[in-house]
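Only a predicted model underlies this, so the values are computations on that prediction, with no experimental measurement involved. Chain naming here is simple, since letters A, B, ... match the order of the sequence lines and numbering starts at 1 in each.
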Number of protein chains: 2
Amino acid sequence: MAHRGDKTACTLHDRWEAGAEPDYSDCSAAYHFLGTRWNLQIISALLNGYTRFTEIAQLLNLNSRTLAERLKHLELEGIVIRQVRNPIPVRIAYGLTAKGQALREVLSEIQKWAVYADGPEAIEVIGKKNGGSCAERGILQIG
Amino acid sequence: MAHRGDKTACTLHDRWEAGAEPDYSDCSAAYHFLGTRWNLQIISALLNGYTRFTEIAQLLNLNSRTLAERLKHLELEGIVIRQVRNPIPVRIAYGLTAKGQALREVLSEIQKWAVYADGPEAIEVIGKKNGGSCAERGILQIG
DNA sequence: CCGCATCCAACAAGATACTG
DNA sequence: CAGTATCTTGTTGGATGCGG
């Protein structure tokens, strides 16, 4: 996942120097982070009160290796806290920092979008599996 | 179970029909989609008015193979439209459907979060506008 | 047992070259 | 310009195994 960094490198400064608009510049880091697989789901699980490693792994059907890796990243980002609750048997509780909890707004927006996206217009796709063609609906406007 | 090869035209509906549990929320499909690499950045670019293939590729430092793949996928999801503007020389304009534009709210929330997240903790980076070292603080893991 | 590290197969993304 | 073909590299995730 380090490919892009080599080229684009430090996004914030580079974009400023390049004269890019603040619109895009500030959040390429956030996009990259949120666009990393499982991060959204993990945060969602934590927001919903799940705190244990294996709980989350089972909930998301995620193997332990990847989960451990993601949690470590999230910890380094200051989004997740790791608390050792019990030494033996090992009991660890994961939770969100303030910065992590601030993502609740984002996740909430995503939920709203998901409902909208599944609701009005994505209804006739149900005949999947067979034809395989997924999108045939009339599409609307262009930016 | 393999969450791996989801790349093949796996739509939102495919996901929940495949047995994604609504346990933690009913939008795991949306999480999966938004959590797919490059999708957020591509949508952001489109929202910001970029319409051309090479434009987007350069903006994101993304190679053409992956960009083509992602755009095709986004088209199948009904989020992106591909319009042929000129046959020769080939001129194609990409844009967002209504469903895609509805993501503006989500991206906007992400921006807000990014500002907040960079604010209190990564002040040094934001403070200076001219060149120099990119990130002292570890928040921007980009890479 | 629980959390996590290590090894390894499978797949996704990058670089480059090439077509219309 | 907008892709496709192909080869190479990097990342992901399952199996396994270990320390506590």
Side-chain angles (χ1 to χ4, degrees), chain A residues 1-9 31-42 45-46 50-76 80-95 142, chain B residues 1-10 18 20 28 31-42 45-46 50-76 80-95 141-143:
Chain A
M1 189 169 294
H3 319 121
R4 191 163 93 87
D6 294 336
K7 297 305 186 74
T8 318
Y31 290 157
H32 184 257
F33 155 66
L34 293 171
T36 295
R37 206 180 227 158
W38 298 117
N39 276 356
L40 275 172
Q41 285 98 323
I42 291 170
L46 291 170
Y50 294 89
T51 59
R52 304 282 306 286
F53 187 91
T54 40
E55 253 180 7
I56 298 172
Q58 284 175 6
L59 179 71
L60 304 178
N61 253 308
L62 177 57
N63 70 85
S64 55
R65 196 204 63 79
T66 305
L67 179 56
E69 189 182 322
R70 287 288 117 85
L71 284 171
K72 207 177 287 176
H73 256 207
L74 290 168
E75 209 186 339
L76 287 176
V80 158
I81 312 179
R82 195 185 105 116
Q83 280 184 334
V84 180
R85 282 289 166 81
N86 208 20
I88 290 173
V90 184
R91 273 293 137 113
I92 294 181
Y94 290 94
I142 203 168
Chain B
M1 89 168 49
H3 278 146
R4 216 53 182 83
D6 285 356
K7 148 199 168 153
T8 18
C10 167
S28 65
Y31 291 156
H32 179 80
F33 155 66
L34 293 171
T36 295
R37 192 134 51 173
W38 297 117
N39 276 357
L40 275 172
Q41 284 98 324
I42 290 171
L46 291 170
Y50 295 88
T51 60
R52 310 280 301 283
F53 187 91
T54 39
E55 253 180 7
I56 298 173
Q58 285 176 3
L59 179 71
L60 303 179
N61 250 308
L62 177 56
N63 70 84
S64 55
R65 196 194 60 77
T66 304
L67 179 56
E69 190 181 324
R70 285 284 109 90
L71 284 171
K72 210 175 287 178
H73 190 229
L74 289 169
E75 210 186 339
L76 285 175
V80 157
I81 307 181
R82 196 185 104 115
Q83 278 186 335
V84 180
R85 283 286 167 82
N86 208 22
I88 287 176
V90 185
R91 237 116 282 184
I92 292 180
Y94 286 95
Q141 46 103 305
I142 282 289

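Rounded to an integer number of Å, the gap from CZ of Arg70(B) to C1' of dC11(C) is 12 Å. Between His32(A) atom NE2 and dT11(D) atom P the separation is 9 Å, expressed in whole Å. Atom-to-atom, CG of Asn63(A) to C1' of dG17(D) comes out at 15 Å; the value is rounded to the nearest Å. Between the C1' atom of dG14(D) and the CD atom of Gln58(A) lies a distance of 16 Å, rounded to the nearest Å. Spacing between atom CD1 of Ile42(A) and atom P of dT12(D) amounts to 11 Å, rounded to whole angstrom units. Residue His73(A) contributes atom NE2, which lies 9 Å from atom P of dT12(D) at whole-angstrom precision. The distance between atom CG of Asn61(B) and atom P of dA13(C), rounded to the nearest whole Å, is 15 Å.
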Look for any protein N or O under 3.5 Å of an N or O in nucleotides 2-4 of chain D and output each such pair with its distance, or none.
unit_1: dA2(D); atom_1: OP1; unit_2: Arg52(B); atom_2: NE; d: 2.6
unit_1: dA2(D); atom_1: OP1; unit_2: Arg52(B); atom_2: NH2; d: 3.4
unit_1: dA2(D); atom_1: OP1; unit_2: Ile92(B); atom_2: N; d: 3.4
unit_1: dA2(D); atom_1: OP1; unit_2: Ile92(B); atom_2: O; d: 3.1
unit_1: dA2(D); atom_1: OP2; unit_2: Phe53(B); atom_2: N; d: 3.4
unit_1: dA2(D); atom_1: OP2; unit_2: Thr54(B); atom_2: N; d: 3.2
unit_1: dA2(D); atom_1: OP2; unit_2: Thr54(B); atom_2: OG1; d: 2.9
unit_1: dG3(D); atom_1: OP1; unit_2: Arg82(B); atom_2: NH1; d: 2.2
unit_1: dG3(D); atom_1: OP1; unit_2: Tyr94(B); atom_2: OH; d: 3.4
unit_1: dG3(D); atom_1: OP2; unit_2: Tyr94(B); atom_2: OH; d: 2.2
unit_1: dT4(D); atom_1: O4; unit_2: Ser64(B); atom_2: OG; d: 3.2

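Shortest non-hydrogen contact noted between Arg70(B) and Arg37(B) is NH1-O, 3.0 Å.
Note that NE2 of His32(B) is 8.0 Å distant from CH2 of Trp38(A), once rounded to the nearest 0.5 Å. Rounding to the nearest 0.5 Å gives a distance of 4.5 Å between CZ of Phe33(B) and CG of Asn39(B).
One finds no side-chain N or O of Trp38(A) lying less than 4.0 angstrom from the OP1 or OP2 phosphate oxygen of dT12(D). An OP1 or OP2 oxygen of dG13(D) is reached within less than 4.0 angstrom by a side-chain nitrogen or oxygen of Thr66(A).
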*Could you go step by step and tell me if Leu71(B) and Phe53(B) meet the side chain to side chain contact (heavy atoms under 4.5 Å, CB included) rule?*
CA-CA 9 Å; Leu71(B) 284 171; Phe53(B) 187 91; 3.9 Å; yes
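Among Asn61(A), Leu60(A), Ile56(A), Leu62(A), the one residue that satisfies the side-chain contact (heavy atoms from CB on, under 4.5 Å) test with Gln41(A) is Leu60(A).
Backbone-only engagement by Leu62(B) is indicated by non-hydrogen atom pairs under 4.0 Å involving sugar-phosphate atoms exclusively.
When the side chain to side chain donor-acceptor pair (under 3.5 Å) test is applied to Glu55(A), no partner is found at least two apart in sequence or on another chain.
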